[in-house]
Each structure stands twice: as structure tokens, then as C-alpha cells.
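Lettering follows sequence order; numbering is per chain, from 1. As the structure is a computational prediction, the values presented were derived from the model and not from experiment.
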There are 2 protein chains.
Amino acid sequence: MQKNPVQCQFVAALDSIVGKWKPMILYHLLQGEPLRFNELRRLLPDITQRMLTLHLRELEEEELVKRVIYPQIPPKVEYSITEYGKSLSPILESLHQWGAAHVERKRLKEAKNEQTETD
Amino acid sequence: MQKNPVQCQFVAALDSIVGKWKPMILYHLLQGEPLRFNELRRLLPDITQRMLTLHLRELEEEELVKRVIYPQIPPKVEYSITEYGKSLSPILESLHQWGAAHVERKRLKEAKNEQTETD
DNA sequence: TGGTATAGTATGAAAAAAGGTACTGTAACG
DNA sequence: CGTTACAGTACCTTTTTTCATACTATACCA
């Protein structure tokens, strides 16, 4: 935690969102349906078991995600978004939209550059 | 850049914001006044020259920040937020607010824990 | 003449994040 | 009887990010 209170708030918020896979995990869980460990794995094709576990544990620790173990064999564990986690929804939505516009902007710019290069 | 388009959008947005000092740099520049390199350094007491340079270059590359060099000696360089950079303002504002609430929430929880421990 | 301020760059080290592979136990399926 | 699915853990390596320190050139001030 930083000393500077303003930074501290950014850091606290970003820690919850940042991590190579966290936004996607939250995004999928925000769809509403609880998801099992391997369902999430299939939704995030390139994630390793290790990274999925680590990120889920962090999200759980911050009470953004809830983990429910069904004592069965083979095991069943369901992850779902918490009420508190839902409060992140507008932020993720804004990020998603801004990101889409940003990608499009870059794409257009590159297209323009290629255009002038072939002139 | 990821293949998954949804992730890609999050990544694009977060790349612009994330970095240990980026939100703070943007935050200060969003106050409106252009700032010189060393003014920013003084506002971010713990940043190294190297990190400030690197982050400013990245922000410049994404056209979120504008860099103006005044050919003087000793040198004078002014950094300011671009119009495009201003479009990040609502996101940073949301992050800032959510972060503040998150910090407060944790604080209360810890206080509660200490309370029950001494019971 | 020596110190200060400006805006950096260069180099190497340390820390943090992410990835890769192998392994666990049990049940159901074929 | 071998394979698959489940939800992980253990261990080690690689990549990325950040940090620390020294260095540059020039002008001004005392």
C-alpha cells in the first residue's frame, strides 16, 4: 500500500481488476451464472490451471468472488460473483467500451499509415 | 495483443492506465495545467527519473499525453493531457471512487477483526 | 570555481508476475 | 483394466516490471 492516499485508491481499485486474466474472469462471472473451475478454463483457453487458481483466490480474498465447494467425487466447485463484486460492473463496462474504441482508433491509424506508405 | 477480442479490449484499456505510476500521472495532468518533468517528479515523490520517463513515453505514444519541448538551456519540457486523454477522465474518476470505498471497507473490516480479537 | 537546475540516458540488479510441466485421489465410462 | 473428468498443488523457469546508481550537457548564481 502506498503512502500517497490518492495513489492508494487507484492502487486498491486496480489491484482488484488487474492481472492478466482478472478482468475476463470477472466479465464471465458478471454474466450471472456460477461457473465451475473447468468451465472457466474452457472460457479462457490460454490460461493455465495455476494462474486460474491464483487469480480466483485473490478475487475470493477481496470478496469479489464466492467459492462454493460441493463435497462430491469427482469434486465440484462453483465460482460466482458476489453482490460486492457486482459493484465493479460499471467500471468494467466503461473499460470495455473505452478499450474497444481505443483498439478501433489504433486500427484506423495503422490503416491510414499503410495507405500513405503505398501512395 | 490477445486473440480473444473481449480480453483484447480490456487489455487495451488497462495498458493505458496500468503501470505503477500511470494513473497518478494522468490524474495530475487531468487537473488541467501542463507540468514540467521535474514538477511531475515532485508530485510523485517516490518515482525514479527512469520510470517517469518510460511512463510518459508510453502515454505519449498512445496520444494520451502531449510533450512540448522548448529549445532552451537548461531544457524545458511540458507535459499536458490531450483531448483524447481527457476521455479517460470518467474511468479514472470511477476507479478512484471505487478504490476509496474499497479501502474504507477493508479498514472497517480490520477494525472489526481487532475488536473481536480483544473480546 | 564550484554548486544547482534542467531533462533526460545507460547499465545492471532486484522484485513481481506469469508460464510450464508433472503430479494427486477418486469415480464413472467403455 | 485403461481413460477421462474433476479441482487443484508443487516445483521450477521465464518474462516483465520496477529500482538504484551513475552519467550527460549547458546555463546561471554566488
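More than 12 non-hydrogen atoms from other residues, nucleotides or ligands lie less than 6.0 angstrom from CD of A:Glu60.
OP1 or OP2 of C:dT6 has at least one side-chain nitrogen or oxygen of B:Arg42 nearer than 4.0 Å. Contact check, A:His55 against C:dA18: a side-chain N or O comes under 4.0 Å of OP1 or OP2. For the OP1/OP2 pair of C:dA5 and a distance below 4.0 Å, the side-chain nitrogens and oxygens of B:Arg41 include no atom meeting the criterion.
Annotation: A:Tyr79 is not in aromatic contact with A:His28 [ring centroid separation under 6.0 Å not met].
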- Determine, step by step, whether B:Glu78 and B:Arg67 satisfy the salt bridge (Lys or Arg N to Asp or Glu O under 4.0 Å) criterion, reporting the C-alpha distance in whole Å, the side-chain angles of both residues, the deciding distance to 0.1 Å, and the verdict. CA-CA 6 Å; B:Glu78 269 187 355; B:Arg67 178 167 176 256; over 6 Å; no
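Counting heavy atoms from C-beta outward, B:Val6 and A:His96 have side chains that approach closer than 4.5 Å.
Each of A:Thr48 and B:Leu56 was assigned the nucleotide of DNA chain C with the nearest heavy atom; the assignment lying further toward the 5' end belongs to B:Leu56. The nearest heavy atom of DNA chain D to B:Ile47 and to A:Lys76 marks one nucleotide each, and the one closer to the 5' end goes with A:Lys76.
To the nearest angstrom, C1' of C:dA7 lies 15 Å from CG of B:Leu35. As a whole-Å value, the separation of B:Phe37 CZ from C:dT9 P is 8 Å. Distance, A:Ile17 CD1 to C:dA17 P: 16 Å, rounded to whole Å. Rounded to an integer number of Å, the gap from CE of A:Met51 to C1' of D:dT13 is 14 Å. We find that CG of A:Leu54 is positioned 15 Å from P of C:dA16, with the value rounded to whole Å. The separation between B:Gln7 atom CD and C:dA18 atom C1' is 13 Å, rounded to whole Å. When rounded to the nearest whole Å, the span between CG of B:Leu52 and P of C:dG8 equals 8 Å. Rounding to whole angstrom units, CD1 of residue B:Ile25 and P of D:dT18 are separated by 11 Å.
In this structure, the nucleotide among D:dA7, C:dA7, D:dA27 sitting nearest to the side chain of B:Ile73 is D:dA27. When distances run from any side-chain atom of B:Asn38 to the nucleotides C:dG8, C:dA7, D:dA10, the shortest one goes to C:dA7. Here D:dA10 is the nucleotide among D:dG8, D:dA10, D:dT18 with the atom lying nearest to any side-chain atom of A:Arg50. Checking C:dA18, D:dG8, D:dC19 against the side-chain heavy atoms of A:Lys20 singles out C:dA18 as nearest. Among the nucleotides D:dC19, C:dG8, C:dT6, the one closest to the side chain of B:Pro75 is C:dT6. Residue B:Pro74 has its side chain nearest to C:dA5 when only D:dT18, C:dA5, D:dT9 are considered. Comparing D:dA22, D:dG8, D:dA20 by their nearest atom to the side chain of B:Gln49 picks out D:dA22.
The residue B:Arg67 sits close only to the backbone: its heavy atoms come under 4.0 Å of sugar-phosphate atoms, none of a base. A:Arg57 comes within contact range of the sugar-phosphate backbone alone, with a heavy-atom separation under 4.0 Å but no base atom that close. Across all strands shown, A:Arg36 has heavy atoms under 4.0 Å from sugar-phosphate atoms exclusively, and none from any base. Within the 4.0 angstrom heavy-atom criterion, only backbone atoms of the sugar-phosphate kind lie near A:Tyr79; the bases stay farther away.
Nearest heavy atoms, A:Ser16 versus A:Leu26: O-CD1, 3.9 Å.
Atom CD in A:Gln97 sits 15.5 Å away from atom NE2 in A:His102 (nearest 0.5 Å).
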